Amino acid sequence: MITETEEAIEQQHKQVNKMVEYNQEKVLHAFQAHRVSDSHFNPTTGYGYDDFGRDTLEAVYADIFKAEDALVRPQLISGTHAITTTLFGVLRPGDELLYISGEPYDTLEEVIGKEQGKDTGSLKDFGVSYHSVPLKDNGGFNHEAIEAAIGQDTKVVAIQRSKGYADRPSFTIDEIESMITLVREWKSDVIIFVDNCYGEFVEAKEPIEVGADLIAGSLIKNPGGGLARIGGYIAGREDLIEQCSFRLTAPGLGKETGASLNSLQEMYQGIFVAPHVVGEALKGAIFTAKFLGALGFDTNPSFDAKRTDLIQSVNFSTSEQMVRFCQAIQQGSPINSHVLPHPSPMPGYEDDVIMAAGTFIQGASLELTADGPIRPPYTAFVQGGLTYAHVKIAVTRAVRHLVGENAVQSR
């Protein structure tokens, strides 16, 4: 089955190789254009004034993502934190945040402030209203509903590129571009923000290039290349990045402060190798889709579908089957392979979540992980992989476990 799978996905892997080369050249050009040298790796402490290594890294990011400016900081601890900093940076009391890609990640619910009577410093507590537009039954944008939802107070229109834990397709750059064009027709002065998590370097273009004003993501996902131990980025319009920087540090201080400590070399090296590592993870996702699909599992996207992020979802018949698969992925990990994960409560999620993550960096989604909330249709979200070989080995081992326990039938 392994041999048949790799023969069947050969063309898809060739396409990934072409994308890796294209994005690698783009990153290399940015490094050369900004004359990156080993002196840029020197750390700063305290206030971080005149940290030219940090400032050059941000210029490199802006160049890669075709943005006017960028914030790339170890003080941004996650994708959720980068998104939160962005939203609090540009929204003001009386403004409206409108998500047009359905409900966002579970972890953003507390940021938005969806629960009544809680004083947590959410957007709602600061007088920012929130609405979301449900997607169509096929997972596409609901154009008519979006047009009707955009009002006078709508300040930010947000799009989540990746499906996250939702049962829908992720949005391609072409789909995002078409939607941005329509939103601009309906309200030209709105700020369009795209949550870019899991999507960097999967396609030839990024959301800024098709009209987005701001994007944000995590360095322990795609752009960190598996090397950055912490950090996040925000990129986009210069005036909006300044507002986000005032939220990250303090009004008047902004980008001028924020020590890089000892994080710069791994951040530079991480973004440089990111196109290659993302390609390895994509190859692993394609293998997973084809291999598990041949065993009768419902996999999404299919192995030959156009990809725009790293997320590969696999639906299981029961919660027990889903949990056992995730546990088997943990057993195939380089770190904590002896640990058996179980579903448990997790901050920011309504349902118990199982997380298999035998990663070198805690929570690093560019490394091979398998996780998901324990709720129908019992979907495990498999993502990442520093090397294709590891994904292949871990997934096939997981299948052997399931076959041995009669959870699936071998051929």
Side-chain angles (χ1 to χ4, degrees), residues 13-41 52-74 76 79 82 161-162 172-173 176 194 196-210 212 214-236 241 260 263-285 307-310 361 364-367 383-388:
H13 277 199
K14 286 182 179 179
Q15 292 171 358
V16 171
N17 288 338
K18 290 180 180 179
M19 189 63 65
V20 168
E21 186 173 340
Y22 176 86
N23 283 318
Q24 188 67 73
E25 186 171 16
K26 179 169 60 176
V27 171
L28 178 61
H29 176 269
F31 271 67
Q32 295 169 338
H34 296 281
R35 303 170 65 93
V36 174
S37 68
D38 52 3
S39 61
H40 287 103
F41 306 154
F52 73 97
R54 176 199 67 206
D55 296 343
T56 301
L57 178 64
E58 292 178 336
V60 167
Y61 262 73
D63 192 331
I64 291 169
F65 291 108
K66 311 305 179 189
E68 294 177 4
D69 202 358
L71 276 171
V72 187
R73 302 296 171 105
L76 291 168
R161 177 176 178 177
S162 176
T172 66
I173 291 296
I176 292 172
V194 176
N196 208 31
C197 287
Y198 304 104
E200 300 91 349
F201 303 121
V202 176
E203 296 197 56
K205 289 183 178 181
E206 300 292 341
I208 295 291
E209 298 175 75
V210 297
L214 284 169
I215 59 174
S218 167
L219 299 198
I220 63 171
K221 295 183 175 70
N222 301 23
L227 295 175
R229 290 173 290 174
I230 195 171
Y233 78 93
I234 307 168
I241 293 296
S260 56
S263 63
L264 285 173
Q265 183 171 354
E266 64 194 34
M267 286 184 176
Y268 274 106
Q269 193 171 6
I271 189 69
F272 180 73
V273 303
H276 169 72
V277 181
V278 167
E280 293 292 285
L282 280 174
K283 290 177 184 178
R307 302 237 165 198
T308 190
D309 67 0
L310 300 185
I361 297 166
S365 302
L366 186 57
E367 301 183 49
Q383 59 221 1
L386 298 179
T387 69
Y388 164 66

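A quick note: this is a predicted structure, and the numbers were derived from the prediction, not measured.
Counting heavy atoms from C-beta on, the side chains of Val194 and Leu214 never come closer than 4.5 Å. Between Glu200 and Phe65, some side-chain heavy-atom pair lies under the 4.5 Å cut-off. Counting heavy atoms from C-beta outward, Val20 and Glu280 have side chains that stay 4.5 Å or more apart.
No hydrogens or angles considered: nothing links the side chains of Lys14 and Asn17 as a donor-acceptor pair under 3.5 Å.
Rounding to the nearest 0.5 Å places OH of Tyr233 at 10.5 Å from NZ of Lys221. To the nearest 0.5 angstrom, Asn196 atom CG is 6.5 Å from Ile173 atom CD1.
With sequence neighbours left out, Glu25 forms a side chain to side chain contact (heavy atoms under 4.5 Å, CB included) with no residue at all. Residues passing the side chain to side chain contact (heavy atoms under 4.5 Å, CB included) test with Ile230, sequence neighbours excluded: Pro74, Ile77. Take Phe52 and apply the ring-ring contact (aromatic ring centres under 6.0 Å, His included) test, not counting sequence neighbours, and it matches His40.
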Side chain to side chain contact (heavy atoms under 4.5 Å, CB included) between Val72 and Leu219, worked out: CA-CA 9 Å; Val72 187; Leu219 299 198; 4.0 Å; yes
Test side chain to side chain contact (heavy atoms under 4.5 Å, CB included) applied to Leu28 and Phe272, step by step: CA-CA 7 Å; Leu28 178 61; Phe272 180 73; 4.0 Å; yes
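Side chain of Asn23 to backbone of Phe201: a donor-acceptor contact under 3.5 angstrom is found.
More than 12 heavy atoms of other residues, nucleotides or ligands lie within 6.0 Å of NZ in Lys66, so this atom counts as buried by the packing criterion. Counted within 6.0 Å of CD on Glu209, heavy atoms from surrounding residues, nucleotides or ligands total more than 12; the atom is thus considered enclosed.
Ring geometry for Tyr268 against Phe31 counts as perpendicular: the plane angle is over 60°, on a 0 to 90° scale with 30° as the lower cut.
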